[in-house]
Protein chains: 2
Amino acid sequence: MTARPAKKKTATRTPRQPDRPERTDIRTIARLANVSIATVSRTINGVTTVDPKLSKRVWDVVEKLDFVPNTQARALVSGRSKILGLIISEITNPFFPELIQGFEDIAVDNGYEILVSSTNHDPQRMSHCIRRMLERKVEGVAIMTFGIEEPLLDQLAKRKVPMVFIDHGPDRAGISVLKIDYHHGIRQAVQHLAALGHRSIAFVSGPHHLHSAQSRLAAYNKSMQECGIQPLSEQIAEGDHTLEGGGAAMEKLLALNPLPTAVVCSNDLTAIGVLHKLYRTGLKVPDDISVIGFDDIHIAEVMMPPLTTVQMSRADIAKAAFEALRSHVEATDSKPAPREYKVPTQLIVRESTGFPRGTMTHLRKKT
Amino acid sequence: MTARPAKKKTATRTPRQPDRPERTDIRTIARLANVSIATVSRTINGVTTVDPKLSKRVWDVVEKLDFVPNTQARALVSGRSKILGLIISEITNPFFPELIQGFEDIAVDNGYEILVSSTNHDPQRMSHCIRRMLERKVEGVAIMTFGIEEPLLDQLAKRKVPMVFIDHGPDRAGISVLKIDYHHGIRQAVQHLAALGHRSIAFVSGPHHLHSAQSRLAAYNKSMQECGIQPLSEQIAEGDHTLEGGGAAMEKLLALNPLPTAVVCSNDLTAIGVLHKLYRTGLKVPDDISVIGFDDIHIAEVMMPPLTTVQMSRADIAKAAFEALRSHVEATDSKPAPREYKVPTQLIVRESTGFPRGTMTHLRKKT
DNA sequence: CTGAAAGCGCTAACAA
DNA sequence: TTGTTAGCGCTTTCAG
């Protein structure tokens, strides 16, 4: 017996690397288990019509060799990559890692892999990232990016890749959107403040060009009016959903006279920036001024003081996003995929809100 | 002209979905550009020996049809998936997203995709996650997880998948290790404190079973001795690298009499937990007690007060991890991959450190 | 320099 | 129920 690989088939071509490490493929298993490769495939994929005896033989060999099927090959022939894309704005905003976690968990539980990519609001990165998703043949993409260039979506739409958006997305087939109930949470926030006695409530928005930021701002305006307070344009400062942006916006607000007694922020990072600016200025929260955030990122709870904020559940969003994608992937004519998913929000009262300055003693007497 | 797809090849089998959307593969391009599929492949892959005329014809068609090559097929035949795995402990620790970002950037720039997975310290998740990496045929894995079950690695090692670890990894072929210079940064921290006049410096460690936590603790002990201070075991509290763990550890330290005048923490999350606990207790930082963190996560800068911490660059780690993996993947006998990479650390002084309580006035006079 | 053809590892007809 | 076989879309010999 020589070392020459005795290929059964026409070995007219190169036999590849002769010293190639023992590759274990479905064929090897078949040979060792004395069945056909089809049986191996069926066994591994849990087809129930396989004779238990054969199936056991197959499993034994699979375990003995630690066989792991090649997903690439599987995807190629079945046409299903079992990969879902997840595009986010910036991974450094703690909101997103929490979302990724949730999405990954549910996807993996359902046999999908995820391809995450953050765009940092850079259109070129975005474009590159869509290209990568296309190359890897993702079966769907969750675009959790608070704003996107429409033309890029055509790339995906043209190839009929299902998509889910947050807040706002093109109204086309295969596209779902997660409707966040901004108004509910923000109304609770404003009402909470109003109930405490605040009338001068400022707002630090996100970037005006983002839909999600606009929705939050609109919710603030509406809620103010519902409380019988006319929102003042000078009390609305534009931030950019970052720590630094929050600080800068608060700085502008600080120039106001009289100073607002409370400020609601478009997200938690902004609120933390605000808190920090206030700390720098020497103003006490909540004694001098109350602050409310939005998102309820984990760290909000350990701020000094712990941040009152509107919670938007990452787990809910992740779950809804996954379900939306899945229902498209598995959609049939008789069971079309729903277009909209509701995501609730809810105020979490902690310690960054209190009575407006000057009224505390007064109100305390009442209690 | 009927709608019947006129297949050239033997159509003895099912012609798939007859209404399948116009798939654009390399063959379509070849037909339209009037060249062979081999030429299309060569053109797309930038083989220089292709006649410019043909190559232009190919590119024109590619652009016209928006052709995107199928990575799965490519991977299957070439044996190179161009996927790198990245395993982290918990994505909710802000340290990791920043690392992911850096790793993704450099990987994508070099034509790799990354498969991220967080284990949450759960061995079962870890096992599942390695399995997934194997299935997707990753070309290398960065295990940035501060502690791992050795047996699981065999799965990867057996298949000769290159790996990089942080701090500490098995000493085998194909495995590199990123040596973080904990001692440098922590010595700077302790010296900074000692220079300020502190002699009673506590330490909140990470979980004792993690190598990285032990290394940090060892660095603290050594640095203390270098400053002529004998570390006291009661001044060392075990945390778990989370916000909550930091708070709990500080609580234990608070029972000490006398109270330490400073506390060094094994990571920033821990330090923030400590800061929060101190805030709850009414102790002022740094007037009553100084606090130092480790990692320099972004948010450290806006704590109240801004956290003095030891910086460990995510970008450096990401870059080193990628280089380590790449050098293995592309290793030749003449150019073997290096086994170790150094990662520097450095103290960033902010405002959570000051003179020990009671000495402030005294020292101020001097200045 | 170009094209024909042999698979990569697997699934899914279809035949037995 | 099991086995045989034709590809999935691409890269890569090898012959021309």
Side-chain angles (χ1 to χ4, degrees), chain A residues 5 7-17 20 22-31 33-55 57-58 62 65 67-82 134-137, chain B residues 7-17 20 22-31 33-58 62 65 67-82 134-137:
Chain A
K7 277 211 154 193
K8 200 172 54 185
K9 298 216 159 189
T10 46
T12 54
R13 288 297 198 276
T14 14
R16 282 229 159 215
Q17 309 281 11
R20 178 101 173 282
E22 23 39 71
R23 59 169 157 174
T24 355
D25 62 3
I26 214 182
R27 232 174 307 264
T28 316
I29 308 292
R31 186 159 34 78
N34 234 303
V35 295
S36 73
I37 59 168
T39 300
V40 176
S41 175
R42 290 192 192 102
T43 306
I44 287 175
N45 290 294
V47 172
T48 50
T49 60
V50 181
D51 184 317
K53 277 169 196 152
L54 294 195
S55 126
R57 289 218 308 266
V58 170
V62 164
L65 300 196
F67 172 70
V68 174
N70 183 332
T71 322
Q72 331 252 29
R74 211 182 263 215
L76 187 58
V77 55
S78 70
R80 300 214 38 193
S81 68
K82 294 293 246 173
L134 253 22
E135 285 179 348
R136 299 276 169 189
K137 291 275 179 293
Chain B
K7 278 211 151 187
K8 202 173 53 186
K9 297 218 161 188
T10 47
T12 53
R13 285 298 197 279
T14 10
R16 280 230 158 212
Q17 308 281 11
R20 178 102 175 282
E22 21 42 68
R23 58 168 159 175
T24 356
D25 61 4
I26 213 181
R27 233 174 306 265
T28 316
I29 308 290
R31 187 160 33 78
N34 233 304
V35 295
S36 71
I37 59 168
T39 301
V40 176
S41 174
R42 291 193 191 102
T43 307
I44 288 175
N45 291 295
V47 172
T48 50
T49 59
V50 181
D51 184 316
K53 277 171 197 152
L54 295 196
S55 123
K56 171 145 184 13
R57 289 220 305 269
V58 170
V62 164
L65 300 197
F67 172 69
V68 175
N70 181 332
T71 321
Q72 330 252 31
R74 213 183 263 216
L76 187 59
V77 55
S78 70
R80 300 218 35 197
S81 67
K82 294 292 242 171
L134 253 21
E135 286 179 347
R136 299 276 167 189
K137 291 276 178 292

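Residue numbers start from 1 in every chain, and the chains themselves are labelled A, B, ... in the order their sequence lines are given, proteins ahead of strands.
The listed nucleotides are D:dT1, D:dT11, C:dT2; the one nearest the side chain of B:Val50 is C:dT2. Side chain of B:Val77, nearest nucleotide from D:dT1, D:dT11, C:dG9: D:dT11.
Judged by closest nucleotide on DNA chain C, B:Ala73 is the one of A:Arg74 and B:Ala73 placed further toward the 5' end. Nearest-nucleotide positions on DNA chain C place B:Thr48 closer to the 5' end than the other of A:Gln72 and B:Thr48.
Here the OG1-CG distance, from B:Thr28 to B:Asp25, works out to 4.0 Å after rounding to the nearest 0.5 Å. The CD atom of A:Gln72 sits 9.5 Å away from atom CG of B:Asn70, with the distance rounded to the nearest 0.5 Å. Distance CD/B:Glu135 to CZ/A:Arg74: 6.5 Å, rounded to 0.5 Å.
Following rounding to the nearest Å, B:Lys137 (NZ) and C:dC8 (P) show an atom-to-atom distance of 14 Å. Regarding B:Ile29, its CD1 atom lies at a distance of 13 Å from the P atom of D:dG9, rounded to whole Å. As rounded to whole Å, 16 Å separates atom P of D:dG9 from atom CZ of A:Arg80. Nucleotide C:dT2 holds its C1' atom 11 Å from the CZ atom of B:Arg57, rounded to whole Å. Atom P of nucleotide C:dC10 and atom CZ of A:Arg27 are separated by 8 Å, given to the nearest angstrom. Between the CG atom of B:Asn70 and the P atom of D:dC8 there is a distance of 12 Å, given to the nearest Å. Per the geometry, CD belonging to B:Glu135 stands 16 Å off P belonging to C:dG9, to the nearest Å. At whole-Å resolution of the value, NZ in A:Lys53 and C1' in D:dT1 are 13 Å apart.
Looking only at distances, a side-chain donor or acceptor of B:Arg57 sits under 3.5 Å from a matching main-chain atom of B:Asn34. The closest donor-acceptor contact from the side chain of A:Ser81 to the backbone of A:Lys137 lies under 3.5 Å.
In this structure, the side chains of B:Phe67 and B:Ile44 come closer than 4.5 Å at one or more pairs of heavy atoms.
Here the options are A:Thr71, A:Val77, A:Leu76, the test is side-chain contact (heavy atoms from CB on, under 4.5 Å), and the partner is B:Leu76; only A:Leu76 passes.
Non-hydrogen atoms lying under 4.0 Å from DNA chain D are contributed by A:Val35, A:Ser36, A:Ile37, A:Ala38, A:Thr39, A:Arg42, all within residues 35-45 of chain A.
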